[in-house]
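Following: one structure in structure tokens, then a few remarks.
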Amino acid sequence: MYAQMVETGVKSVKTSTEMSSEEQAFQTRIDADIKIEPKNWMPEAYRKTLIRQISQHAHSEIVGMLPEGNWVTRAPTLKRKLQLMAKIQDEAGHGLYLYSAMETLGADRDDEVQKMHEGKAKYSSIFNYPTLNWADMGTIGWLVDGAAIVNQVPLQRTSYGPYSRAMIRVCKEESFHQRQGYEILLHLMREGNDAQKEMVQDSINRFWWPVLMMFGPSDANSPNSAQSMAWKIKRHSNDELRQRFIDQTIPQLQILGCTAPDPDLKFNEETGHWEYGEIDWAEFFEVLKGNGPCNKERVAKRKKAIDEGAWVREAAVAYANKKQQRNAA
Amino acid sequence: MKRFDDTTELLLQLGDSAMIQAQRLCELVGGAPALEEEVALMNVGLDLVGQARNWLEYAAERIDDGRTADDLVFLRDQGEYRNLLLVEQPNGDFAMTMAKQFLFDAWHKPLLEKLCNSSDERIAGIAAKSIKESSYHIRRSSEWIKRLGDGTHESHERMQRALDQIWHFTFELANPYELFNTLDTDNIAPGIKALCKEWQAIVATILAEATLTQPETAENNYLSGREGVHTENLGFVLAEMQFLQRAYPNASW
């Protein structure tokens, strides 16, 4: 998940006659579903696309801790606090192994983080929305992690080996988060008072459209998809995944006894799919550009942590050097 | 201001100290100096909330007035909290965060060791489970004290300043108090009388290795966390932590 509009730097997908022999061998390997490993030859554009996608994914895990950090000090019971802390810890862990997967491509974690702080690298648009009530902790688990899973399940089969293996581990934990999130909401709807039920509906109203935007622009406006799909970095189109997510989510929404803020939502008997209203793409592109509700605060918070931690990291290096010198002496 | 039997008072001191220490760690989400430390901070915090829950569940059973561990955490006011004054102090910079963590760990781990031999099986069981976690906590925090103390000039200065600033709250850790006598005699916490000396020894060793100067012995400042007489900081910690339970009384979450 968490990768939206990843540029491939390629205008059109090459046909096999346009490819060099190396490129042909590479594409044959991809077509045969053999994983690409760090030491294999790969086109530069493939490597760069992956660095962009994996770093975007890693940044999303880290920035994604912030909306939850906003409530972890106010979790209402010991059980909920423990769950939320464990989820946040998992996300930091996901960030760590995604950055490691990215480093197998020759990229440097600090450089890529720096790009994010400078606004040159993106993270998922969803984390630029504020968490305003406790139910948001349920909604993020259920819808945001739910959307992430729909995106990530196919990524377990993505062509780059280290990324694919990282996704297998991440998916297991995300599924757990999703069930936990849904349980938070179900509990509020079944055991909660009117104010708590209102929190749930309010939370769904605020997150519904931004969650649908997580899958990225519609296929018609997704210029990079063809190449990513040819390389099997991506395995399904944005609209396909979005539809899959909606179809699986609406029954869960009905069980909650809540509604989606979409008057055009209706089930099509013939296709067997839920049809949904027009997504506000202007909002999506603005949020991606940095003009969302919390973009500035999210980036500022991450930048502050890294900047203010510089002396700590320097001290750790200095101490390690001293220790090494002492041991050598 | 003792209100319960000695064993229950001890359980509250343990549970409340772990809880407030963890609550301060929760404030740091997304603000650690490195990603690895985000994982570590939550890891320690999770251990401590888990321990707090175990101690307070037992405390709630002994108090036996219908309250649960959740009620104790989310519905007691600061005068009823029994945590060490040290843990309710603000995080400050990373040097202060680690100074607080280390000074706490150096008290916590030896205390848990003694409680492993408690004649109260429930206490011995919780302590045995917690000791593994707290052994990791003190290993990690001692390492950071050494890294920062003996790292760069700046880190040394910051670490020394943090120690000097927080030190006066250590009088609660460095001095035995009345409860120790009965807890020791009754074998609830056998050997607890030696706790303060052990704390001093651990702290002295690590600070020396870290090339830091140990401040002069802290004197009683007329507050007492274990008697519910706190600094002004605790009220704000609780206001945040208890917000939902206070704003929506009797709601189920």
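Just so it is clear, the values below take in all heavy atoms, side chains as well, and ignore hydrogens, waters and symmetry mates.
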- line: Applying a strict 4.5 Å limit to non-hydrogen atoms, the region of B:Met19 in contact with chain A is side chain
task: Please determine, among B:Glu143, B:Met42, B:His156, B:Glu154, the option with the most heavy-atom pairs under 4.5 Å with chain A.
output: B:Met42
query: Take atom CZ in B:Arg62; do more than 12 heavy atoms of anything else shown fall under 6.0 Å from it?
result: yes
Minimum side-chain heavy-atom gap B:Trp253-A:Leu188 below 4.5 Å: yes
- prompt: Hey, mind stepping through A:Arg302 and B:Glu38 against salt bridge (charged side-chain N to carboxylate O under 4.0 Å, His left out) and telling me if it holds?
  reply: CA-CA 12 Å; A:Arg302 287 306 307 152; B:Glu38 295 284 352; 3.6 Å; yes
task: Identify which part of A:Ala195 has an atom lying under 4.5 Å from any heavy atom of chain B, answering side chain, backbone, both or neither.
output: side chain
query: Tell me, side chain or backbone of A:Leu96 under 4.5 Å from chain B's heavy atoms, or both, or neither?
result: both
message: Quick check on A:Ile184 against chain B: is it the side chain, the backbone, both or neither that has a heavy atom closer than 4.5 Å?
response: neither
Atom NZ of A:Lys197 with >12 non-hydrogen neighbours under 6.0 angstrom: yes
query: Going by an N to O cut-off under 4.0 Å, is there a salt bridge joining B:Glu209 and A:Arg326?
result: no
- request: Answer yes or no: is there a side-chain heavy-atom contact under 4.5 Å between A:Glu68 and B:Val29?
  value: no
message: Treating B:Arg53 as the side-chain partner and A:Leu78 as the backbone partner, does any N or O pair qualify as donor plus acceptor under 3.5 Å?
response: no
Atom CG of B:Asn250: over 12 foreign heavy atoms under 6.0 Å: no
Contact class of B:Ala69 relative to chain A, heavy atoms under 4.5 angstrom: both
message: Do A:Glu308 and B:Asp93 have side chains that approach each other closer than 4.5 Å (heavy atoms only, starting at C-beta)?
response: no
message: Quick check for you: among B:Tyr248, B:Phe94, B:Phe74, which has the greatest number of heavy-atom pairs under 4.5 Å with chain A?
response: B:Phe74
Part of B:Glu240 within contact of chain A (heavy atom distance under 4.5 Å): both
query: Checking A:Gln196 side chain against B:Ser252 main chain: does a donor-acceptor pair fall under 3.5 Å?
result: yes
- request: Side chain from CB out, backbone as N, CA, C, O: work out which of these in A:Met199 comes under 4.5 Å of a heavy atom of chain B, or both, or neither.
  value: side chain
field: Best-contacting candidate, A:Gly309, A:Pro76, A:Gly192, A:Gly93, against chain B by heavy atom pairs under 4.5 angstrom
entry: A:Pro76
- prompt: Checking heavy atoms, do the side chain of B:Phe243, its backbone, both or neither come under 4.5 Å from chain A?
  reply: side chain
- request: For atom CD of B:Glu232, decide whether the heavy atoms of other residues, nucleotides or ligands shown that lie under 6.0 angstrom number more than 12.
  value: no
message: Between B:Asp150 and A:Tyr319 (side chain of the first, backbone of the second, donor and acceptor by atom type, cut-off under 3.5 Å), is there such a pair?
response: no
field: chain B contacts, top residue of A:Lys323, A:Glu314, A:Arg109 (heavy-atom pairs, under 4.5 Å)
entry: A:Arg109
- prompt: Among B:Lys146, B:Met98, B:Glu37, B:Glu27, which residue forms the greatest number of heavy-atom pairs with chain A at distances under 4.5 Å?
  reply: B:Lys146
query: With a 4.5 angstrom heavy-atom cut-off, which part of B:Arg24 approaches chain A: side chain, backbone, both or neither?
result: neither
- request: Identify the two heavy atoms, one from B:Gly30 and one from A:Ala305, that lie closest to each other, and give their separation to 0.1 Å.
  value: O-CB, 3.5 Å
message: Using heavy-atom distances under 4.5 Å, tell me whether B:Ala251 contacts chain A through its side chain, its backbone, both, or neither.
response: both
query: Looking at A:His187, A:Met65, A:Glu191, which has the largest count of heavy-atom pairs under 4.5 Å with chain B?
result: A:His187
task: Look at A:Arg80, A:Glu91, A:Met85, A:Arg313 and state which one has the largest set of heavy-atom pairs under 4.5 Å with chain B.
output: A:Met85
message: Heavy-atom pairs under 4.5 Å with chain B - which of A:Gly69, A:Ala318, A:Ala92, A:Gly95 has more of them than the others?
response: A:Ala92
field: Side-chain (A:Arg74) to main-chain (B:Leu244) donor-acceptor, under 3.5 angstrom
entry: no
query: Measuring heavy-atom distances to chain A, does B:Val39 have an atom under 4.5 Å in its side chain, in its backbone, in both, or in neither?
result: both
message: I'd like to verify something: which residue of B:Leu148, B:Leu35, B:Val49, B:Thr152 has the highest number of heavy-atom pairs under 4.5 Å with chain A?
response: B:Leu35
- prompt: Taking the side chain as C-beta and beyond, is there a heavy-atom pair between B:Gln245 and A:Thr77 under 4.5 Å?
  reply: yes
- request: Answer with side chain, backbone, both or neither: which region of A:Ala320 has an atom nearer than 4.5 Å to a non-hydrogen atom of chain B?
  value: neither
message: Nearest 0.5 angstrom please: B:Leu46 CG to A:Leu84 CG, how far?
response: 10.0 Å
- prompt: So with a 6.0 Å cut-off around OH of B:Tyr136, is the heavy-atom count from everything else above 12?
  reply: yes
message: Minimum heavy-atom separation for B:Gly151 and A:Lys322, please, with both atom names.
response: O-NZ, 3.0 Å
- prompt: Using non-hydrogen atoms only, which part of A:Lys304 is less than 4.5 Å away from chain B: side chain, backbone, both, or neither?
  reply: neither
Per-residue contact mode, B:Ala95 against chain A (heavy atom under 4.5 angstrom): both
